[in-house]
Amino acid sequence: MPPTKRNKRGNRRGNPAARAAQQRPRPDVGPPAPPGAPSGSAVPPSGPAVPPGLTSTKKAAPVRAPGQDLSAGLTSANNGPARGAARLIPPVTASAVSASTQAAAPAPDRSRRNAKSEADPVLAVAEPETPPAEGADDVPKWAAKAVEELLTPTYWLDPGETGDPFSATIRFSGRRTDVTGKAQPRDSFWQEETVDGIIPGSGPVAITAEVRGINPGQWTVTARSVARVGGRPYRSYPPPEDDLAAVYRVPPPRRVGIPPEPDATIHTSTLLRSKVPGIIRFAYATLVGLGVLVGLGLEALLLNHGHYSLFRPMLFSVIAILAGVIGGKGWYVAVHRGKKFDGWCIQGFVAGAAVVVAAAALAGPGLPAGAFLAAAAPALLIGMAIGRPGCFWAGCCTGRPIAARWGIWSSDRRLGCRRAPAQLLEALSALVSGGVVLVVVLIDGLARSGPAAVVGLAAYTLARQAILGLRAEPRVWQYGRPVTATIAAVALIVGIVLLIK
């Protein structure tokens, strides 16, 4: 086989697209030669014979030393006859590529024959000169979620009376009914909610979804159960064959109504105005605020009853409340290891307030330390007894789903069913502990009732550790309850000993 020529035409003039774009040299004859010139000579044309950007076939490629740097935008190609030489290729811009592409359309047939043997050019995408504008980050995420318009549709199902715990998957779908013009992607949705641990006998069960990222307006929402392989069958509540005019409610003492049909037409609203079965909006803030006011008022009455000054003790009490708020938030964040910030912890509130009260007692709030503790402890416990039911109606700190008749129907804003009333039991323990301390203070006086305050707070903490076992949320630190219970037990024993003396 004869050797291939290195200087063939395809290598001299580029790829087929470039050859098609190159103008054909015409055998134009320049001006006549001056007198005395050799025969057949002519003046060369003034303009260049080769278009810009292409290498002339009659010029030798410039040679650079192997270690010599190249100019910006030039590429070295060591494939010439001399391996140390570099062919200089000008950078290809988007306009040049588009121009060569347009010129390549009427290419002759011989260019198409060679197209398969050469690589296609890669088009460079021009990026914007300035980055796109970012959204406003001034609003915190929790504030953005609070003002965002959303839907909270609910599906009711009958868990039955017997059997093992099971899971349920519900598919919510909807479309906006007040659309004007062409419908947008945010004018319809579908979303699945899967809930585990549904207990038979816990009684009608409500599964609520939060649908975000949609346009505000009037919506028609449909909820349907999704059958899973190996899952337990269940039916909606109330059954379709029942009387649609009948009124259905959850078991007493709650009076939560159940709609007779699963389909519903609802309107978007913000989170604070949304409707979830068993949830009473603003109940938490109202009861907690009422508990703070009642606690401060009770402390002022006890101090006045003991003929003590009010200004400094009440000032320290307000500081203790602020410290309790900070402690409740910090305890909640620490328990969830920095992954959740949207809640509070009552144990952190007690710890923060107790630290300030103890420091105030040592610093001297204008009365004996024992008297200050005796006035603050019943006020704190009774105030918590008033504010704790707000968690029950707000859907936080919920108990486990149970089938026992002593359970009360409540919701965690996603799953509503019969649950252990953990929040109400905590409120009851705080009320009992605070009431006992108050009775001791009224009998013995503030000056001798300091140990009674320690006993009351320790007793409430011990009872709370037992009630935490009824909560639905998993335990984050396995040693948290034992350590807290041990410290509370020691404080209880010490307080009883000091009270008896």
Side-chain angles (χ1 to χ4, degrees), residues 287-288 290-308 313-314 316-317 320-321 324 346-358 360-361 365 367-392 397 421-470 481 484-501:
L287 291 179
V288 169
L290 180 61
V292 170
L293 295 178
V294 171
L296 291 176
L298 179 60
E299 182 181 4
L301 291 176
L302 291 176
L303 292 173
N304 188 40
H305 179 73
H307 306 286
Y308 291 105
M314 297 301 297
F316 279 114
S317 296
I321 292 174
I346 191 66
Q347 194 67 43
F349 179 85
V350 174
V355 169
V356 174
V357 169
L367 69 161
F372 180 67
L373 291 176
L380 175 63
L381 292 171
I382 293 177
M384 287 193 300
I386 297 175
R388 196 57 172 161
C391 298
F392 178 81
C397 309
Q423 311 96 319
L424 301 182
L425 292 177
E426 286 190 37
L428 179 62
S429 64
L431 180 62
V432 171
S433 300
V436 171
V437 175
L438 180 60
V439 171
V440 173
V441 168
L442 293 177
I443 293 176
D444 292 343
L446 290 177
R448 300 178 54 187
S449 302
V454 177
V455 171
L457 291 174
Y460 165 75
T461 304
L462 275 176
R464 186 175 186 275
Q465 301 312 305
I467 296 172
L468 286 178
L470 302 175
R481 286 172 54 194
T484 306
T486 302
I487 297 175
V490 172
L492 179 63
I493 294 174
V494 173
I496 292 175
V497 172
L498 293 178
L499 188 63
I500 294 176
K501 287 184 177 181

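With rounding to the nearest 0.5 Å, the separation of CG in L457 from CG in L462 is 11.5 Å. Atoms CG and OG1, on L468 and T484 in that order, are 8.5 Å from each other to the nearest 0.5 Å. Put simply, CZ on F372 and CG on L303 are 8.0 Å apart, with the number rounded to the nearest 0.5 Å. The structure places CZ of R388 at 5.5 Å from CZ of R464, a figure rounded to the nearest 0.5 Å. Atom NE2 of residue H307 and atom CG of residue L367 lie 13.5 Å apart, to the nearest 0.5 angstrom. Between the CG atom in L296 and the CG atom in L380 there is a gap of 10.5 Å [rounded to 0.5 Å].
Considering V440, L499, L442 as possible partners of S449, the one that fulfils the side-chain contact (heavy atoms from CB on, under 4.5 Å) test is V440.
A pairwise comparison of heavy atoms in L287 and I386 identifies CB-O, 3.7 Å as the closest pair. Between V455 and I496 the shortest heavy-atom distance is CG2-N, 3.5 Å. Residues C397 and A422 come closest through the heavy atom pair O-CB, 4.2 Å. For the pair F392 and Q423, the tightest heavy-atom approach, listed with the atom from each and the gap, is CA-NE2, 3.5 Å. A pairwise comparison of heavy atoms in A453 and L373 identifies CB-O, 3.4 Å as the closest pair. Between A447 and Y308, the shortest heavy-atom distance links the atoms CB-OH, 4.1 Å.
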Next on the checklist: Please evaluate residues L498 and V454 with respect to the criterion side-chain contact (heavy atoms from CB on, under 4.5 Å), reporting the C-alpha separation (whole Å), side-chain torsions for both, the decisive distance (0.1 Å), and the verdict.
Outcome noted: CA-CA 10 Å; L498 293 178; V454 177; over 6 Å; no
Checklist entry - Is there a side-chain contact (heavy atoms from CB on, under 4.5 Å) between I487 and T461 once you walk through the steps? => result CA-CA 9 Å; I487 297 175; T461 304; over 6 Å; no
Item to check | Derivation of the side-chain contact (heavy atoms from CB on, under 4.5 Å) call for V441 and H305 | outcome: CA-CA 11 Å; V441 168; H305 179 73; over 6 Å; no
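Take S433 and apply the side-chain hydrogen bond (donor to acceptor under 3.5 Å, both in side chains) test, not counting sequence neighbours, and it matches no residue. Residues forming a side-chain hydrogen bond (donor to acceptor under 3.5 Å, both in side chains) with E299 (at least two apart in sequence, or on another chain): S317.
Other residues, nucleotides and ligands contribute more than 12 heavy atoms inside 6.0 Å of the CZ atom of R481.
Contact of the L431 side chain with the L381 side chain is not registered, since no non-hydrogen atoms from C-beta on lie closer than 4.5 Å.
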